[in-house]
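Working notes, structure below.
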Amino acid sequence: MDISKNFEHQQAETKWYQHWLDQQYFKSTPDEREPYTIVIPPPNVTGVLHMGHCLNNTIQDILIRRARMQGKNACWVPGTDHASIATEAKVVAMLREKGIAKSSLSRDEFLKYAWEWKEKYGGIILQQLKKLGCSLDWDRTSFTMDPDYYQSVIKVFVDLYNKGLIYRGKRMVNWDPVGQTALSDEEVIFKEIDSKLYYVHYQLADGSEGGITVATTRPETILGDVAICVNPADERYAALVGKEVIVPIINRRIPIIADEYVDAAFGTGALKITPAHDKNDNMLGLKHQLKAIDTLDATGKFTTAELLDENPSEQVLAYQGMDRFELRKKIAQDIAALGQLVKEEDYRGQVGTSERTGAIIESKLSLQWFINMTAFMDKNPQVLEDVMNDTIQFHPEKLKNTYRHWLSNIKDWCISRQLWWGQRIPAWYDSEGNFVVAATEKEAEAAYQQQFGRPSSVVGGLSQDEDVLDTWFSSWLWPMEVFKGISHPGNADARYYYPSTTLVTGQDIIFFWVARMIMAGYEYEGKRPFKDVYFTGMVRDKQGRKMSKQLGNSPDLLELIDRYGADAVRFGILIASPAGNDLLFDESSLEQGRNFNNKLWNAMKLVKMWEGRQADSPGQLADSQFAMDWFGARLQQVKQELDSLMSQFRLSEALKTVYSLIWDDFCSWYLEWVKPGFEQPISPEVYANTVRYFDELLALLHPFMPFITEELYHQLASRSTDLCTHQYSAATPPPAALLQQGELLKQVISTLREARAKNQLKPKESIRLHLQTSHPANYDSIAAVLKKQVNASELLYTTKPVANSIVVAIESEKFFIESEKAIDTDQLKAELLKDLEYQQQFLTSVDKKLANERFVQNAKPEVVEIERKKKADAEARIQTIQESLAALGA
RNA sequence: GGGAGCAUAGCUCAGCUGGUUUAGAGCAUCUGCCUUACAAGCAGAGGGUCCUUGGUUCGAAUCCGAGUGCUCCCA
């Protein structure tokens, strides 16, 4: 069979992924094995694969493939999130392009479009994950709006309501005037934005001289002012507290009050209070029993609706319908026209924006549904405790602090959204504003009858709440409901797979999702939802900037997979990904991955070349014995290292370890050591061993790079099984002496090669190697390899220096390189002198340490022993060098 | 404003409970090689005041304090 020059990834990827699917290797059903469960962080149904997904899912696939090869029942559940606001925004945009306004559609008509859109474009991302090689159990694909899932969300809402943990109330919410919906605190992104600070003068109501000047960034809310507040300790204003001032333009009389909340150092030290439009103002308003006057509507435009009692002037009425930012300028001008705008200055401040639409958030009073988080946490203290005591283990651990901090300052969760795409809130209202909460209209009717003692028809029937639930109110059930643990409690799958084993997700959704899954897990299963949480950092570009559409620095992943191959992409993204830190993505790491593919491919070609050259060859076998023994030991050693690294989730280091084992130990050392001479036969035993080692390496690498390893596994020999389901054998403790001798051999080879290079001995020029050692037995097993690796025709033991040779000292042993070529003794001497100086300085530092009585007294005996050995080694080395110099006639 | 974290080679990072030579790896750089698997390669080399500064200790990249710079989270 002809072997292609390089690994052809496209072909291999298609072939093997299909084969794995056909063999149902990714399919999992409960059995007697230990389960290893991962639920995918469900990407938005509208999403396309980006770098973050790539990192995240590569890691999950590595964990799941490794678990599968360790004999566990590996189950990785795919799925998508309906992403209410993000999806609805896309559907609205799509309709707008068709010339259809959302407002012209009924709820049902809109949802029909949305479902059509979801069927057409939704879940593209899941197909893309296949390209990356992800071994998901596709039969288990879930969607947060599947009928059962939908019902489970409704069920949980009703249940929490009945438990008194959900309430409806008029509260200050974060209002997105573009999306026209409330948002939870977590959906608000604070940004630094340049604005202006306006200094506005309010005149005293009694007509007397003076007044008070207030600094505000939001003059457009001035018509909703109900008080001016100063710090009670602020002497400047002490005399004014209790007096009234006039709000410019609208001429409302408002009091000057005092509260310690006010920072006397900010602006003028006087704060205008607009309880309808600012969270802190609202808090002060409640405390001082002030009215809230709302002057902005749901779209952020001025409305006089709540001002009509005050007989507003023509000027005020003219603002009707004006956008908040336009209004800001207009009101500033109008105040200036009154001569009450003292000054304007530039100001840079934090402004909340919507995570989804980017719009600047308004704080707005509105009637919404909330979860009482304080009560919830009192009921479920394990949510915090079990993370702090590592029942649920966070990686990296430092995120425990962040988690604790958030939970100990937790605010009520606003869960209603003024959208149509999502689970509709199961609350039912009569025409008088009474309501009941029930899963279905029928149940609602019954509940109504019971609660109010009359059928709802008396007051015109019941109508359901128009709003839907926050997306996270459905995804917090994900680890349970993908196994139908909420909709069909106690079913076999849920019992077997829950709690899941590991969650892999981004640090950015620790509050949105991770914390809430833990909450739901304890509330509904009484158990943690997962054992380990691995948090990935953010993927940034080479300059450390976030990947974004605007910057255009977000590479097209499918194109990268096409160009470098899925294995190389997986390698590249993981090798650059330090545990718990952000990842600076650079295409050069993909190149490294591709080069590694190439290396593996060529190693396979070499071994395949030997396949047909097997013949009994006792000499070749004997010469290779050490290499075989040593590599066997190295393999066990690395297997142990990998177990340890993987259990600590140090995946990047684990990959580096396998990479170096394959590239350095296997290719650069082992294969060279057993390689037969040109067109010489190879011993069948050596060949069989080599293939066996290669198999083991492929198995270790397979979770990281599944395609090329499967391909090579089948190229190397004809097989009846696949690497994908190969079972690892446990690592055995490697013999330390063998490993040590291997290190000695490597060191000797490197040092001799370096000496050859420095003396301009071409690799082809053969040498005679003389060795002066007190332990010749150490060299018996490695002599053959040593000769081959430094191109020595002979290895001779000697007891005295060899004339006209290059001298190399390694510890207390001396090597003499004898060649046809004349030796540059001056250079040799210079080298030796340099080494001598280094050794002498080193000796001095060790001596100093040993001369320190307090060191010898206080340090642990083994540490002192190490120092003594260092001293002895250095002294021996110095002696060797001096003898060599003497032999050179120095 | 509150909290958390980071600072080690040109870049990205290891360096776990202080002592394994005078600090390691990968990538990049430089030198020599188209050596019979691989130039997407091989063999070598150079490169660091472990941010600054006090302290604890026989001993500090490692522990503690202060400072500086950066990052993230929360308000």
_Heavy-atom pair of closest approach, residues A:Gly352 and A:Val188_ =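 For A:Gly352 versus A:Val188, the nearest heavy atoms are CA-CG1, 3.7 Å.
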*B:U36: syn or anti, per glycosidic angle within 90° of 0*: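 With its glycosidic angle more than 90° from zero, B:U36 counts as anti.
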*If only side-chain N and O atoms of A:Arg650 are considered, is one of them under 4.0 Å from the OP1 or OP2 phosphate oxygen of B:G15?*
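Yes, within the criterion.
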*Distance only, no hydrogens: is a donor on one side chain within 3.5 Å (strictly under) of an acceptor on the other, for A:Arg692 and A:Asn689?*
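Present: a donor and an acceptor within the cut-off.
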Out of [options], which has the shortest distance to the side chain of [X]?
X: A:Asn602; options: B:U12, B:A40, B:A37; answer: B:A37
X: A:Leu671; options: B:C27, B:A37, B:A40; answer: B:A37
X: A:Gln592; options: B:G44, B:U20, B:G26; answer: B:G26
X: A:Ser668; options: B:A37, B:C27, B:A43; answer: B:A43
X: A:Lys599; options: B:G41, B:G5, B:C73; answer: B:G41
X: A:Phe855; options: B:G19, B:C74, B:G41; answer: B:G19
X: A:Lys398; options: B:A43, B:G5, B:U22; answer: B:G5
X: A:Lys411; options: B:C27, B:G5, B:A75; answer: B:A75
X: A:Ser588; options: B:C27, B:C58, B:C42; answer: B:C27

*Give the ring-plane orientation class for A:Tyr403 versus A:Phe394, where under 30° counts as parallel, over 60° as perpendicular and anything between as tilted.*
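Because their plane-to-plane angle is over 60°, the rings of A:Tyr403 and A:Phe394 count as perpendicular.
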*Judged by atom type as modelled, is there a donor-acceptor pair below 3.5 Å linking the side chain of A:Thr880 to the main-chain atoms of A:Glu813?*
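No: the side chain of A:Thr880 does not pair with the backbone of A:Glu813.
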*For A:Glu765, does its backbone N or O pair with a side-chain atom of A:Arg756 as donor and acceptor, under 3.5 Å?*
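Yes, because the side chain of A:Arg756 sits within donor-acceptor range (under 3.5 Å) of the backbone of A:Glu765.
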*Please tell me which of A:Ala859 and A:Ile575 maps to the more 5' nucleotide of RNA chain B, matching each residue to the nucleotide holding its nearest heavy atom.*
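In this pair, the answer is A:Ala859.
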*CD of A:Glu8 versus P of B:A40: gap in Å, rounded?*
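Nearest whole value for this atom pair: 17 Å.
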*In whole Å, what is the span from the CG atom of A:Asn858 to the C1' atom of B:G59?*
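So the two atoms are 10 Å apart, to the nearest Å.
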_Taking pairing as Watson-Crick or G-U wobble with both contacts under 3.5 Å, can you name the mate of B:G5, or confirm there isn't one?_
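Base-paired to B:C70.
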_Once hydrogens and angles are ignored, does a donor-acceptor distance under 3.5 Å link the base of B:A37 to the side chain of A:Glu672?_
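By the distance-only test, yes, there is a pair.
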